[in-house]
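Report on one structure; see the data block that follows.
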Amino acid sequence: MAMPDKSADIGSAIARIHDGASVMLGGFGVPGTPFCLIEELVRQGPKNLTIIKNDANEMGMGVDWLLENGQVSKLVASHIGLNARAIAMMNDGALSVEFVAQGILAERIRIAGAGLLGFVTDIGMGTPLAEGKQQVSVNGVTGILEPALKADFALVHAETADTFGNLFYAAAARNFNPLMAMAAHCTIAEAETIVDQGRIKPENVHTPGPFVDQLVTLKQLPEVYGVVRR
Amino acid sequence: MAMPDKSADIGSAIARIHDGASVMLGGFGVPGTPFCLIEELVRQGPKNLTIIKNDANEMGMGVDWLLENGQVSKLVASHIGLNARAIAMMNDGALSVEFVAQGILAERIRIAGAGLLGFVTDIGMGTPLAEGKQQVSVNGVTGILEPALKADFALVHAETADTFGNLFYAAAARNFNPLMAMAAHCTIAEAETIVDQGRIKPENVHTPGPFVDQLVTLKQLPEVYGVVRR
Amino acid sequence: MLSDARERMLRRAARDILPGMTVNLGIGLPTQVLHHVDRTMAICLHSENGIAGVGPQLSPEEADRNLIDAGGAYVSPIAGTSYFDSAVSFAIVRSGRLDLTLLGAFEVAGNGDLANWIIPGRFSPGVGGAIELAQKARRVGVLTTHTDKRGNPKILERCTLPLTAAACVNRIYSDMAVCDVTPEGLRLTEIAEGVDLQDVIDATGTTLIVPDGPLPTF
Amino acid sequence: MLSDARERMLRRAARDILPGMTVNLGIGLPTQVLHHVDRTMAICLHSENGIAGVGPQLSPEEADRNLIDAGGAYVSPIAGTSYFDSAVSFAIVRSGRLDLTLLGAFEVAGNGDLANWIIPGRFSPGVGGAIELAQKARRVGVLTTHTDKRGNPKILERCTLPLTAAACVNRIYSDMAVCDVTPEGLRLTEIAEGVDLQDVIDATGTTLIVPDGPLPTF
């Protein structure tokens with residue numbers, strides 16, 4: 001018995017992403033950000049994208065390339081404080097930004113990945129983040145109804161993958177990657193190392209292969225993966 | 001820097017469980033069922049327990065010991081088909097049984113473990129499982145509001161633990177264990193092997209130590225862990 | 001059901017398992033479809049208790065005590081297998097990653113309704129994972145004898161038992177025929193070799209759309 | 001704030017980190033409390049980006065490029081560290097597993113309200129993980145100067161800025177004093193050495209409950 005092979009080349013994998021698509025990007029700061037997939041997305045240039053990512057990276061890397069190239073119409077994030085361009089574009093009205101509390105962002109993505117419609121939480125009750133949101137009572141406790149957050153595509157970065165798309169993430173590079181891999185219609189993973197099926201111990205798989213559609217090997221790792229500018 | 005040590009002896013760990021407590025039990029069939037902790041729970045004998053477990057095990061093992069000893073007033077499960085005593089007790093009215101679809105049971109537990117109030121799903125719409133349940137509309141789609149399922153205690157079984165309570169589960173013995181470890185006020189873990197802190201690779205931890213309150217070593221593994229009767 | 005009719009049904013269902021698919025085979029008869037699938041074909045078998053890449057069954061002597069499938073059988077890993085918790089397992093199901101599930105039935109209706117978990121007053125061991133498999137797999141196939149042991153049809157106009165899921169079934173594989181649920185109604189698409197068309201019609205509890213011309217056999 | 005007043009405040013806050021605790025230290029000043037915690041004490045430091053057991057900071061030269069804390073500093077693992085995804089990370093927070101969090105403040109009120117994420121029209125980089133830390137940690141401590149750079153009180157009757165979370169703060173550590181939020185109001189519990197009681201009262205924008213007798217100093 002054998003498992004399917006999801007290997008793909010980066011150009012044809014990213015070519016699926018169309019104007020107006022919603023795209024999740026893994027990563028918290030540098031670790032786990034799929035820079036090579038983003039670079040190819042810039043090269044191919046689809047417009048009017050909705051980008052969903054914890055943060056806007058820093059100037060000169062990752063999400064910022066897409067902002068600079070004018071490809072992003074909306075950004076859903078928990079904070080963008082390290083990217084002055086993102087803040088300026090938001091203040092100028094050139095970029096629509098939806099702020100979501102970090103754990104609520106994670107959970108909205110995960111709930112979508114779990115095939116559910118939404119969840120109810122007391123987080124944000126009595127703060128501006130509750131304004132305009134539907135409230136629901138569960139066993140007598142009132143909370144905010146947070147809808148599932150799906151996307152057309154998820155771009156994720158793994159340290160190791162097998163050809164079926166089982167993914168293993170290094171250290172704090174896991175962050176939003178496994179959640180986004182579940183929540184997109186099409187998940188494209190880049191991996192630093194791709195190994196034969198059976199080389200990742202079944203207990204150590206972080207993202208099971210059924211969630212991954214396209215798998216891209218990184219031939220060499222550009223410097224951006226190893227640099228944090230401050 | 002060092003991490004706290006959660007090691008405990010089985011008697012004092014289980015002694016916390018009082019009459020009328022709700023107790024989650026990990027396991028799907030035999031794998032992952034914390035038989036030694038259940039055995040101690042039978043020995044100490046608290047009554048009127050609400051037991052939350054995927055299934056009722058089979059006659060002569062696990063949950064069945066608690067049923068036979070008259071300690072269980074309510075069982076929340078996805079199916080009990082392999083335990084004739086559980087079915088008979090349910091039919092006689094000696095045991096109140098709440099059936100929950102398996103993935104919905106898993107998710108209700110996980111949602112509690114995530115500190116949320118409930119979630120909305122279209123699973124079960126148009127079937128008897130929707131009857132009497134609150135319905136909520138999310139972005140125009142109507143679903144069932146499923147409340148979080150918490151417990152006073154969770155008893156889980158791990159293959160390996162370090163003394164901080166980081167847990168690693170073998171193969172299909174993972175199942176409900178990591179979810180229940182998150183969802184209880186007090187989580188008591190039994191482990192086949194307890195190792196020093198630092199011996200489990202940080203990426204390979206399935207249940208992070210902050211979820212575990214009491215950690216019990218199994219000195220020897222009774223035969224029940226290795227036997228499936230049919 | 002005669003043993004050869006049963007094997008023929010299993011073999012026919014196996015032909016709809018295609019390379020690249022992620023598949024869940026329900027407990028009982030559907031699990032046995034696997035014996036008729038080409039072992040070199042690249043597919044991913046999912047089990048509700050937290051396995052993607054379920055390998056061949058093992059005897060208790062050679063088994064890993066921690067590795068059973070959702071039906072309780074000892075199974076083995078293959079190259080590429082992964083294990084995960086029950087929430088992730090059903091995330092795979094509900095988020096539409098199952099290309100196909102094959103399930104058993106107490107009753108199945110021409111509108112695709114399925115009843116396979118409770119017979120009020122007689123049989124109610126709980127719903128397990130059936131609802132989510134039936135409602136969320138991209139394709140749902142049902143394996144069933146065309147009639148019950150007393151000769152009454154199991155394929156009905158409407159189910160009389162409580163539903164597992166409504167309008168979920170795409171295809172029915174029986175010992176007598178293959179039928180597809182279509183917007184127009186239940187369509188007969190194939191007939192078992194040596195079985196008479198009128199016998200199929202008589203054994204079916206709802207109107208069958210029978211195409212013109214000869215029917216493919218299996 | 002004078003450097004020694006700042007160190008004194010950090011040292012005082014560190015004294016409330018007790019053996020066995022799981023603790024999250026907010027970005028900026030709170031992170032520096034760690035320098036005053038006994039390194040042999042068994043505690044678990046949590047970081048929002050998916051770490052339990054955050055170890056000492058590293059220089060970029062010795063860093064693992066995949067291991068930063070939520071503030072973006074390179075950190076190291078220690079024996080017993082685990083990594084997990086962002087959903088699990090906030091499950092730890094929201095389910096009440098954080099014994100203590102220490103946070104910064106733009107404003108903090110006598111009723112325990114905290115504002116530390118947005119100054120409308122001037123500063124709004126997003127909320128990050130602050131809301132969940134503030135609302136769900138079992139104990140919330142705030143580290144802040146008693147007044148802002150222009151000498152205006154930061155400890156107020158009611159916050160004027162949008163709230164991070166309501167009624168969440170248990171204790172305020174400032175360069176001048178330690179104050180506890182109680183059902184009766186804000187209670188002065190300790191005073192910095194060499195600071196005059198009347199100066200503390202004047203620098204506070206809400207009524208302080210001052211106990212009889214001499215105040216402990218820190």
Side-chain angles (χ1 to χ4, degrees), chain B residues 1-8 24 107 109-119 148-152 154 158 160-169 178-187 194-215, chain D residues 17-25 34-35 37-57 64 66-67 75-101 129 131-133 135-138:
Chain B
M1 296 174 76
M3 306 272 269
D5 187 325
K6 314 275 181 70
S7 302
M24 290 176 171
E107 201 61 35
I109 295 166
R110 192 206 155 275
I111 283 282
L116 304 168
L117 298 170
F119 64 94
L149 185 59
K150 288 188 204 185
D152 299 319
T160 309
D162 70 19
T163 55
F164 177 52
N166 288 314
L167 306 182
F168 176 90
Y169 307 100
L179 311 171
M180 291 174 168
M182 297 166 70
H185 184 70
C186 174
T187 293
I194 297 198
V195 299
D196 287 343
Q197 293 176 12
R199 292 293 300 280
I200 306 177
K201 183 173 166 165
E203 279 91 347
N204 295 348
V205 170
H206 294 145
T207 291
F211 291 118
V212 175
D213 299 286
Q214 303 267 306
L215 182 63
Chain D
I17 298 180
L18 305 176
M21 278 188 169
T22 298
V23 179
N24 184 300
L25 301 176
L34 194 59
H35 302 310
V37 173
D38 173 7
R39 284 296 171 102
T40 65
M41 194 166 73
I43 59 165
C44 172
L45 274 187
H46 169 269
S47 186
E48 298 95 293
N49 58 327
I51 313 171
V54 179
Q57 290 194 9
D64 172 350
N66 289 310
L67 190 48
V75 293
S76 52
I78 58 174
T81 297
S82 62
Y83 307 126
F84 32 80
D85 68 46
S86 297
V88 171
S89 191
F90 281 89
I92 289 174
V93 177
R94 287 189 307 260
S95 68
R97 261 72 175 201
L98 282 189
D99 297 296
L100 174 68
T101 190
I131 284 186
E132 288 153 280
L133 292 171
Q135 193 174 329
K136 291 296 185 178
R138 293 195 191 178

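Note on naming: letters A, B, ... go to the chains in the order of the sequence lines (proteins, then strands), and numbering restarts at 1 for each one. Keep in mind it's a predicted model, so treat the numbers as computed, not measured.
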To check you understand the geometry: which heavy-atom pair defines the closest contact between [X] and [Y], and what is its length?
| X | Y | answer |
| --- | --- | --- |
| B:M1 | D:L45 | CE-CD1, 4.1 Å |
| B:V205 | D:T81 | CG2-O, 4.5 Å |
| D:R97 | B:A184 | NH2-O, 3.2 Å |
| D:R94 | B:A114 | NE-O, 2.8 Å |
| B:P208 | D:S82 | CB-OG, 3.6 Å |

Name the region of B:T207, side chain, backbone, both or neither, that has any atom closer than 4.5 Å to a heavy atom of chain D.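 Neither part; nothing is under 4.5 Å.
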Sorted by number, residues from residues 50-57 of chain D in contact with chain B (heavy atoms, under 4.5 Å):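 Listed by number: D:A52, D:G53, D:V54, D:G55, D:P56.
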Could you have a look at [options] and say which one has the most heavy-atom pairs with chain D under 4.5 angstrom?
| options | value |
| --- | --- |
| B:M182, B:K6, B:M3 | B:M3 |
| B:N166, B:D213, B:D5, B:T163 | B:N166 |
| B:G198, B:G115, B:A183, B:P202 | B:P202 |

So what's closer than 4.5 Å to chain B heavy atoms on D:I92: side chain, backbone, both or neither?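 Its backbone and side chain both get close to chain B.
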Taking D:V93, D:I78, D:L98 one by one, which has the highest count of heavy-atom pairs under 4.5 Å against chain B?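 Counting heavy-atom pairs under 4.5 Å, the top option is D:I78.
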Nearest-0.5 Å distance that lies between atom OG in D:S95 and atom NZ in B:K150: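 The NZ atom of B:K150 is 9.0 Å from OG of D:S95, to the nearest 0.5 Å.
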Sort and list the pairs that fulfil salt bridge (Lys or Arg N to Asp or Glu O under 4.0 Å) and have at least one residue in residues 194-203 of chain B, not counting sequence neighbours.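 Sorted pair list comes back empty.
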Taking the side chain as every heavy atom from C-beta outward, state whether B:P210 and D:C44 have any pair of such atoms under 4.5 Å apart.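 A side-chain contact under 4.5 Å exists here.
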Is there a side-chain contact between B:F211 and D:V88 (heavy atoms, below 4.5 Å)?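 Counting from C-beta outward, B:F211 and D:V88 do come under 4.5 Å.
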